[in-house]
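Only one structure is covered here, and it is reproduced in the block below.
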Amino acid sequence: MGLFRAPKWATHPGVRKARVVRERGSGVSGYGVGQRLKGSVQVGHCRLGAMAASGDPGRQWQEEEAETAAVVVVGSCMTDLVSLTSRLPKTGETIHGHKFFIGFGGKGANQCVQAARLGAKTSMVCKVGKDSFGNDYIENLKQNDISTEFTYQTKDAATGAASIIVDNEGQNIIVIVAGANLLLNTEDLREAASAISRAKVMICQLEVTPATSLEALRIAHSNGVKTLFNPAPAIADLDPEFYTLSDVFCCNESEAEILTGLEVCSPTDAGRAALVLLERGCQVVIITLGAEGCVMLSQTEPVPKHIPTEKVKAVDTTAQLFFFFLPLTLYGIMMLKSFLPQVMDIPPGCW
C-alpha cells in the first residue's frame with residue numbers, strides 16, 4: 001500500500017479499536033472506530049486507503065493510539081552534538097576531546113520524554129526539518145511512546161541543533177541553532193488545539209517563538225487546562241500575560257535574575273525574586289538553585305519555602321532542570337494538595 005501500512009486492527013474483518021491516521025494539510029484525521037473496507041480503511045467518518053496507496057513520497061503518514069494525552073508539550077526539539085573534553089576551551093583555543101556522540105534534546109522534548117517515562121500519556125507539538133535529523137527525531141519520540149500527531153516537518157529550515165561541550169567536572173558550553181523550532185506557529189497550534197484543550201496539563205518554554213508559547217498558554221488556560229511554564233531561555237521584557245496564564249512558573253536562578261533584575265545567589269535571594277514573580281500573577285513559583293535545591297511559594301502560601309537537596313557529583317548539568325521539573329510538578333499536581341491547591345483538581349487516575 002505504498003507508504004502506508006495498515007494498522008493491525010485494519011487487517012481483520014469487523015470493527016476494532018480506533019487509531020488515528022493523519023497527514024499534515026490533507027484534512028484527513030479522525031478518532032472513532034475502524035472497519036475494514038474494500039481497498040481502504042474507515043476511520044470515524046474518513047475513508048482512507050486510495051490516497052495512502054498512491055505512494056506519493058511527499059506524504060508522511062503517522063499512526064497514533066486514539067487516546068487523549070494527559071500531558072501536551074508545546075516546544076522545541078534539538079539534535080545534540082556533544083563533545084566530551086577534560087576542560088572547556090579558552091577563546092580561540094583548539095583542544096582535543098575524548099568522546100563525541102549525537103543525542104536528542106531540546107527543552108520541550110526533554111520535558112515530554114520525562115513525562116512519558118514517568119507514566120503519563122503524552123503528546124509533542126513541535127516542528128522539525130525535513131531532513132535526517134528530523135526523521136530520526138520523530139522516530140525517537142515514537143520509541144518513547146509519545147504521540148507525534150502534531151509533530152510537523154518543514155523544508156524551510158533545518159532541524160534545531162545544539163553544539164555542546166562538556167568537561168570532566170560536568171560544566172558545559174552550549175550553542176543552539178533553533179532552526180525549524182522557530183517556524184512552529186499559531187496555525188500549527190490551531191490544528192493541535194483539540195489535543196491541548198483535552199489535556200490535563202500543558203507545558204511550554206521559550207525555545208520556540210514567545211508568540212507561539214503564549215498562544216499555547218491561552219488555548220490551555222481558556223479550556224481549563226493546567227499550565228506549566230518554563231521561561232527559558234529567559235528574556236527580560238517577557239509579556240506580562242505569561243505570568244497570569246501560568247499555574248506553575250518554574251525557572252532557575254539565572255533566569256530569575258533576568259526576569260526580575262534581582263541578584264539571586266542564595267535561597268533568601270531566590271525568595272525575594274519569587275515574590276516579585278508571584279506579584280506579576282503566577283499561581284505557583286518555583287526557582288531552582290542547583291545544588292541548593294529550590295525555593296517555592298504560591299498565591300495561597302506566599303511565604304517562600306526553601307527545599308534543600310542532597311549533594312551529588314555532577315556528570316553533566318545539561319537538561320538538569322527537567323529531571324527536577326517534571327517529577328516535582330507531576331507529583332505536586334497529584335499529591336501536594338496542601339501546598340498547590342490551585343492545580344490540584346487532577347486525580348491520580350488520569351495518568
Side-chain angles (χ1 to χ4, degrees), residues 7-9 16-22 24 29-34 43-44 61-77 104-128 137-152 184 188-205 213 216-217 219-230 247-248 250 319 322-336 340 343-351:
K8 190 176 292 183
W9 56 263
R16 298 295 179 95
K17 183 180 178 181
R19 295 175 75 93
V20 176
V21 184
R22 185 176 182 279
R24 171 74 191 278
S29 63
Y31 291 88
V33 294
V43 180
W61 289 92
Q62 298 171 19
E63 304 170 21
E64 300 298 338
E65 291 289 348
E67 293 183 276
T68 299
V71 177
V72 173
V73 178
V74 177
S76 59
C77 295
F104 300 98
K107 296 180 186 301
N110 284 341
Q111 292 166 354
C112 199
V113 169
Q114 277 293 95
R117 291 183 179 180
L118 287 167
K121 298 180 183 71
T122 58
S123 179
M124 186 74 200
V125 181
C126 61
K127 185 167 285 186
V128 297
Y137 216 113
I138 291 172
E139 184 59 30
N140 178 67
L141 293 173
K142 290 178 179 180
Q143 288 179 3
N144 279 281
D145 296 321
I146 294 168
S147 170
T148 57
E149 184 183 0
F150 299 105
T151 296
Y152 304 109
L184 185 69
D188 300 323
L189 291 186
R190 281 194 290 270
E191 290 191 26
S194 59
I196 296 172
S197 63
R198 292 196 306 269
K200 302 300 179 185
V201 179
M202 193 284 298
I203 304 170
C204 62
Q205 335 71 35
S213 289
L217 287 167
I219 293 171
H221 190 265
S222 65
N223 285 280
V225 178
K226 300 307 178 187
T227 57
L228 279 59
F229 178 54
N230 171 219
D247 289 310
V248 177
C250 183
F322 312 126
F323 290 91
F324 166 89
F325 181 57
L326 263 300
L328 175 68
T329 49
L330 293 180
Y331 178 76
I333 286 170
M334 292 188 291
M335 302 297 292
L336 301 180
L340 303 177
V343 293
M344 286 315 310
D345 57 353
I346 303 174
C350 289
W351 305 103

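In this chain, numbering begins with 1 at the start of the sequence shown. Source: prediction; values computed, not measured.
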Please report the interatomic distance [atom1]([X]) to [atom2]([Y]), rounded to the nearest 0.5 Å.
{"X": "Ile203", "Y": "Cys112", "atom1": "CD1", "atom2": "SG", "result": "7.5 Å"}
{"X": "Ser222", "Y": "Leu217", "atom1": "OG", "atom2": "CG", "result": "10.5 Å"}
{"X": "Lys142", "Y": "Glu139", "atom1": "NZ", "atom2": "CD", "result": "6.0 Å"}
{"X": "Gln111", "Y": "Cys204", "atom1": "CD", "atom2": "SG", "result": "8.5 Å"}
{"X": "Gln205", "Y": "Phe229", "atom1": "CD", "atom2": "CZ", "result": "8.5 Å"}
{"X": "Met124", "Y": "Asn140", "atom1": "CE", "atom2": "CG", "result": "11.0 Å"}

For [X] and [Y], work out which heavy atoms get closest and say how close.
{"X": "Ser194", "Y": "Glu191", "value": "OG-O, 4.2 Å"}
{"X": "Phe150", "Y": "Ala195", "value": "CE1-CB, 3.7 Å"}
{"X": "Asp188", "Y": "Lys127", "value": "OD2-NZ, 2.9 Å"}
{"X": "Asp145", "Y": "Thr122", "value": "O-OG1, 4.1 Å"}
{"X": "Arg198", "Y": "Thr68", "value": "O-CG2, 3.4 Å"}
{"X": "Val73", "Y": "Gly108", "value": "CG1-O, 3.3 Å"}

Is there a donor-acceptor pair closer than 3.5 Å between any side-chain N or O of Asn110 and the backbone N or O of Gly105?
->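 Not confirmed, Asn110 side chain does not pair with Gly105 backbone.
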Side-chain (Thr151) to main-chain (Cys126) donor-acceptor, under 3.5 angstrom =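 No, Thr151 side chain to Cys126 backbone: no donor-acceptor pair under 3.5 Å.
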Looking at side-chain heavy atoms only, is the closest gap between Leu228 and Val71 below 4.5 Å?
->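 A side-chain contact is absent here, since even the closest heavy-atom pair is not under 4.5 Å.
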By side-chain hydrogen bond (donor to acceptor under 3.5 Å, both in side chains) - contacts of Arg117 (at least two apart) |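 Counting only residues at least two positions away or on another chain, Arg117 forms a side-chain hydrogen bond (donor to acceptor under 3.5 Å, both in side chains) with Asn144.
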Does Ser123 have any side-chain hydrogen bond (donor to acceptor under 3.5 Å, both in side chains) partners at least two apart in sequence or in another chain, and if so, which?
->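 Not a single residue meets the side-chain hydrogen bond (donor to acceptor under 3.5 Å, both in side chains) criterion with Ser123.
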With sequence neighbours excluded, tell me which residues meet side-chain contact (heavy atoms from CB on, under 4.5 Å) with Asn223.
->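 Partners of Asn223 under the side-chain contact (heavy atoms from CB on, under 4.5 Å) test: Ser197, Ile219, Val225.
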